[in-house]
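Report on the following structure.
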Amino acid sequence: MDRREVAHLLRTIGALLEVKGEDPFKVRSYGRAADSIESSDYDLEKLAGEGRLTDIPGVGKNLEPKVREMILTGSSSYLERLVAEIPEGVLDLLKVPGIGPKTARLLYTALGIASLDDLDAALKAHKIQGLPGMGRKREEIMAEGLAEIRRYAGRISIGVALPVAESIVASLRQKSIAAALVGEVRRAEETVSALDLLVLKNPDESPSSILERSGLVPGASSSALEQSWDDAHGRYVFGTGLGVPLRLHFAGMNAFWPRALWLTGPSEFLDYFSKKARERGLVLTEAGLVREGETLEAARTGFFGDVGTAEARFPKNAEIEDIMDARFEDLLFGMVSLSPIPPEVRHRKEFWEASAAGKVPPLVDPNDLRGDIHLHTLWSDGVAGIEAMVQAAIGMGYSYIAITDHATDMKMIRGITHERLDEYLREIRQVQEKYPGFRVYSGVEVDILRDGRLYLPDEDLARLDVVIASIHHEIDSKGDGVRRLIKAAMNPHVDVLGHPAGRLIGRRAGIVSGLEEVLEAAATTGTAIEINSSPDRLDLPENLVALGYSKGVRFAVCSDAHSPGGLGTIRYGLLTCARRAGIPPEYVVNTKPALPWVTG
DNA sequence: GCCGTTTTCGGCCCGACTGTTTTCAGTCG
């Protein structure tokens, strides 16, 4: 059992203990151990074998045997005992706003509610008001929250889906099986309903024998998955622990990229592509690109050796790496007189037109990023010091970062105050001196208060290189977020508006109207708009990024990392919000060699 | 339940808000 799975079991135990009403500190210790195991690179099986699991911070004498059992057997008898008391479905209730551990337990013990469906039924029958402490208003809040969760039912964030899909591709590759991402994950949709992989198949091999070789067959590994063959689509469908299926599609060498194009879609783009193909006497089918009048059977032999050009033909002894090169897909575009369109913008009609005209504009690319300007450290709610974040940034190949700890009146976070500012700036300067070739900007993420003023006075903000202004409380419509954001944008010290919509995917809708006005204001004041890449935010969403771009707004793509490992999440915002919106690199401030508004 | 000790027990994340009360428990950031 791998790190992620162990961490997941530990978190499940922690949540169940919390619902049981156990000591909060005990509950938290399970979460801490999970974080520690997940973010480490320990060889768990080795440590378990040597009895050294307590070397892991957060794992003590009580957790050691529990973790060892998970690693060695893939399950936990302790967890099984807990689930006998409280079904795991009760934990789904915790995702609903207004339901915490106490309420979840009450709902389960009083009404037997053990799933979101149960909750839905109880809300509709108004069974909840009348329980101790529950009234009409509580029911309303729960119903609203449940509706938001239901909007994302059966979907997971790209931030969860992409790394899992990539790790499956990597593990298949280790078994000499070549596969590529297709479908929603390849298009980098903000949430996806399935993980689709296209697997390369030799003519003499069957999908089932590949599957056997893959190690994904139940029983072949501890992470056994339910699987079934879907004959209509020629694919295997697996259940995963993520709430979305994994689907393995198969194609031979010559049909690989036509099939990848088909499976990547989206369907309205395939319609357009087909139309262009017909103009050239070609037909796009699920199995390949074929000459008009040709049968599907013929198509199954693949098109590259048939209607393909000489350079589109694979060499006789092509290596997997050669075949996996997406430039072969580009050749398909060429065959129908289109310029290649990156998967993330194939849904955008303006790119179809640009493609037909042979002028697809460049999109901002991960390699364009020169720095990350929204990061937290131990100075507020981050888990690492400034220097550790600098080293992580250097590891990402950046030339600069901005340290932007919270300046907030949220009491739980001890952030940057007027009194602590001197000391904070001093430490940033000290780290800067140790890394002369790398720029460490000083900054804060300052709270926009209820009246639109900022938590720190202007004279403090004036001392910082980067000021991100964000709303952290009363984000919904009654908090009048639009007016507060515009007021913050008008402040000349504010460089960036942080996570403007304030949404949390699947939990909180955030500001749902009026953000056009904020974009107008930002375009006028020159304030950059953040694209926050945290997988549960992905804020600003694509459609509003595209709108801002049309108004001339500049963007800052940021990780909002709270740990060194967190810097890597920046790609989710980049792919899902920036690239899908069709943003070129020059509209992203942190593609510049230095921040334009900082002098000296 | 972990950790780090002033070594075997106390600290660990705290305060505002809210819907429900009729004095406060529970949630949230």
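Keep in mind that what you see is a predicted model, and the values were worked out from it rather than measured. Note on naming: letters A, B, ... go to the chains in the order of the sequence lines (proteins, then strands), and numbering restarts at 1 for each one.
Residues A/Leu146 and A/Leu116 have side chains in contact (heavy-atom distance under 4.5 Å, counting atoms from C-beta outward). Counting heavy atoms from C-beta outward, A/Leu421 and A/Ile416 have side chains that approach closer than 4.5 Å. Between A/Ser559 and A/Leu375 there is a side-chain heavy-atom pair separated by less than 4.5 Å. A heavy-atom distance below 4.5 Å is not found between the side chains of A/Glu445 and A/Thr408.
Nucleotides B/dT20 and B/dA25 are separated by 9 Å at their C1' atoms, to the nearest Å. B/dC12 and B/dC17 are spaced 24 Å apart, taking the P atom of each and rounding to whole Å. Atom P of B/dC3 sits at a distance of 14 Å from the matching atom of B/dC13, rounded to the whole Å. Spacing between B/dC14 and B/dC9 at atom P, rounded to whole Å, works out to 23 Å. Nucleotides B/dG1 and B/dT6 have their C1' atoms positioned 23 Å apart, rounded to a whole Å. Rounded to a whole angstrom, the distance from the C1' atom of B/dT5 to that of B/dG11 is 11 Å. For the C1' atoms, the distance from B/dG15 to B/dT8 is 32 Å, rounded to whole Å.
Out of B/dC12, B/dG1, B/dG19, the shortest distance to the side chain of A/Ser29 is found at B/dG1.
Note: A/Tyr549 and A/Tyr587 meet the aromatic proximity criterion, with ring centroids under 6.0 Å apart.
Ion pairing of A/Arg426 with A/Asp422 is absent here, as no side-chain N (NZ or NE/NH1/NH2) approaches a carboxylate O to less than 4.0 Å. A/Glu38 has no carboxylate O lying under 4.0 Å from a charged side-chain N of A/Arg3, or vice versa, which leaves the two without a salt bridge. For A/Glu85 and A/Arg81, the salt-bridge test fails: no basic side-chain N is under 4.0 Å from an acidic carboxylate O. For A/Arg151 and A/Glu148, the salt-bridge test passes: some basic side-chain N is under 4.0 Å from an acidic carboxylate O. Salt bridge annotation for A/Arg503-A/Asp536: absent, with no cationic side-chain nitrogen under 4.0 angstrom from a carboxylate oxygen.
With rounding to whole Å, A/Met134 atom CE is found 10 Å from B/dT21 atom P. Atom C1' of nucleotide B/dC2 and atom NZ of A/Lys26 are separated by 12 Å, given to the nearest angstrom. Between the CG atom of A/Leu504 and the P atom of B/dC28 there is a distance of 12 Å, rounded to whole Å. Spacing between atom CD1 of A/Ile128 and atom P of B/dG19 amounts to 16 Å, rounded to whole angstrom units. Rounded to whole angstrom, the span from the CZ atom of A/Phe25 across to the C1' atom of B/dC14 amounts to 10 Å. Here B/dC17 presents its P atom at 16 Å from CD1 of A/Ile141, a figure rounded to the nearest Å. Nucleotide B/dG19 holds its P atom 11 Å from the CD atom of A/Glu144, rounded to whole Å. Atom CG in A/Asp447 sits roughly 14 Å away from atom C1' in B/dC28 (whole-Å rounding).
Note: A/Asp560 CG to A/Thr404 OG1 = 7.5 Å, rounded to the nearest 0.5 Å.
Contacts of A/Pro24 with the nucleic acid, taken as non-hydrogen atoms under 4.0 Å apart, are absent. Residue contacts shown for A/Arg136 are limited to sugar-phosphate atoms, with no base heavy atom under 4.0 Å away.
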Please tabulate the protein-to-nucleotide N/O contacts below 3.5 Å involving nucleotides 24-26 of chain B, giving atom names and distances.
from: B/dG26; atom 1: O3'; to: A/Thr103; atom 2: OG1; distance (Å): 3.3

Report all interatomic pairs (protein N or O, nucleotide N or O of nucleotides 3-10 of chain B) with separations under 3.5 Å.
from: B/dC3; atom 1: OP1; to: A/Gly58; atom 2: N; distance (Å): 2.7

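Both A/Tyr78 and A/Lys137 lie close to DNA chain B; mapped to their nearest nucleotides by heavy-atom distance, the more 5′-ward contact belongs to A/Tyr78.
In this structure B/dT8 sits in no base pair that meets the Watson-Crick or G-U test at under 3.5 Å.
A donor-acceptor contact under 3.5 Å is not formed by the side chain of A/Arg28 with the base of B/dC12.
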